Amino acid sequence: MTQLALPHGLRFEDLYDEAGVARLDGLFLSELERRAPELAAQLKAGRAAPDALGRKEESDLLIALAPHLEDLLAELFSIRAPLAELAATHHELAPLYNCKRLFVQRQALKAHKPAEVEGLDPAPLEAELERRIGAPLTDLTFARATLAWMDAEATHQEDLALAGRYAAWATLTEAGHQRWRGSPLFRMPHKLDPMHLIDLRTVERHGAAMLDFPEERRRPREGFALTDQGADLKHALDQVHYCIFCHHQQKDSCSKGFREKDGGFRKTVFGVTLAGCPLDEKISEMHELKAAGRVIGALAMVVVDNPLCAATGHRICNDCMKACIYQKQEPVDIPQAETRVLKDVLALPWGFEIYGLLTRWNPLNLRHPVARPASGRRVLIAGLGPAGFNLAHFLLNDGHTVFAVDGLKIEPLSPALSGVDAAGKRVPFRPIRDAAELVEPLDDRVMAGFGGVAEYGITVRWDKNFLKIIRLLLERRSRFAMAGGVRHREA
Ligand code: SF4
């Protein structure tokens with residue numbers, strides 16, 4: 001299906017139109033009223049006086065609302081089946097993280113010291129494990145079998161002893177790491193030494209001592225192709241499940257900053273202030289939804305505070321990570337998790353439209369669920385880098401008209417995508433079913449001129465295709481226009 005057929009008499013154009021989005025909000029509220037009247041009343045009260053809610057109360061309300069929003073969007077875009085499939089993949093992987101925490105960490109590593117398992121021959125252990133599991137040994141078959149044996153511990157003592165020895169070998173030895181390279185099951189967070197944050201070794205070459213990475217940790221750079229694809233779902237969920245959802249105790253320092261007893265922010269040994277996410281993104285809440293397989297709900301939670309999250313996350317920012325509650329061991333890799341949350345929604349049918357819609361209408365945003373009506377004010381923005389394009393977004397949602405200029409030449413996109421023709425006139429644009437159509441290999445991609453430092457300053461480690469997504473979010477808005485090749489000079 002390549003045509004977007006919306007229910008409830010909605011047209012695609014309505015998703016980009018104030019009145020249409022207001023109708024959608026009304027639909028959401030009446031559907032919520034029907035399905036969960038108490039929650040609907042809480043939402044109404046929350047919208048009327050958002051600051052009267054405590055942060056914890058607000059988090060609970062938003063987490064409760066997220067599944068309802070997700071269900072409506074699944075219906076709207078007819079993606080119930082692929083969304084359910086994706087949620088099921090989250091649940092299928094869950095035994096990995098439960099086994100890691102409950103068995104590998106709490107039992108196997110407590111029962112065995114590195115010296116006991118170093119030099120162990122894994123082949124007979126693996127053969128015996130396969131025989132007992134009754135299936136080829138994978139991280140998932142190991143995790144599922146071990147959790148089942150833990151549930152009937154008295155009758156599986158031998159099985160658990162064998163699994164414990166094997167898990168200790170896989171976790172504590174270099175040979176074990178090599179064997180399970182693609183899996184997070186046997187990889188534990190390491191202790192942090194601020195003076196040795198990067199694991200380097202000293203080698204001697206041509207009579208000189210040099211710092212060096214082991215071969216297997218090097219990432220070759222070929223031309224301008226992307227060198228870092230970021231975490232896949234399995235590894236991103238490993239980080240999500242490593243998070244202990246501190247918002248329940250109001251200790252989510254990743255978001256609010258790491259406080260000392262005197263109320264000030266803690267500093268690192270390098271004097272860096274641990275102020276947490278500059279946007280106060282609801283990270284813990286996003287992780288909780290993602291762990292529960294609420295794929296769209298997790299993105300909606302991010303978008304409340306960080307609507308242009310396509311320009312943040314992996315390889316861009318890590319203030320959140322530095323302020324994570326884990327200060328003595330590896331922090332949760334929040335940027336990886338956040339970027340995966342976005343990519344998982346983008347990979348759904350109509351994923352781009354869903355993300356875009358959430359930047360214009362988001363019921364999880366109590367203060368600003370829909371864009372404000374036209375203010376009559378016109379604002380000029382000089383520079384379309386991250387500061388300029390974020391400012392443009394917030395001004396648009398505040399009802400202002402924005403004209404943005406940039407010194408770089410901005411290459412036009414197809415009018416059918418952008419809604420703007422070569423003369424700068426607004427034309428109808430079509431829905432994007434498959435966000436992959438926006439992706440270009442970075443080594444073939446022509447500089448498009450949009451994004452400022454994110455376009456010309458950031459290297460091949462970040463996927464610049466995200467810039468096209470951000471650009472479309474703005475360019476399709478009727479109150480936005482931009483021009484390249486314009487320089488602002490002091491008189
Ligand atoms: S990312 Fe770290 S600080 Fe934030 S909620 Fe998770 S464990 Fe807590």
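Counting starts at 1 for both ligands and their atoms, following the listed order. Keep in mind that what you see is a predicted model, and the values were worked out from it rather than measured.
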Got a salt bridge between [X] and [Y], using NZ or NE/NH1/NH2 to carboxylate O under 4.0 Å?
{"X": "R187", "Y": "E330", "result": "yes"}
{"X": "D71", "Y": "R294", "result": "yes"}
{"X": "D25", "Y": "R47", "result": "yes"}

ask   = Going by the angle between their ring planes, with limits at 30° and 60°, are F186 and Y166 parallel, tilted or perpendicular?
value =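 The rings of F186 and Y166 stand perpendicular, inter-plane angle above 60°.
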In terms of the angle between their ring planes, are W361 and F28 parallel, tilted or perpendicular, with boundaries placed at 30° and 60°? perpendicular
Counting only protein N/O/S atoms, those under 2.8 Å from atom 2 (Fe) of ligand 1 total 1
Sequence neighbours excluded, the answer for side chain to side chain contact (heavy atoms under 4.5 Å, CB included) partners of P335 is N318, C320, M321, D333
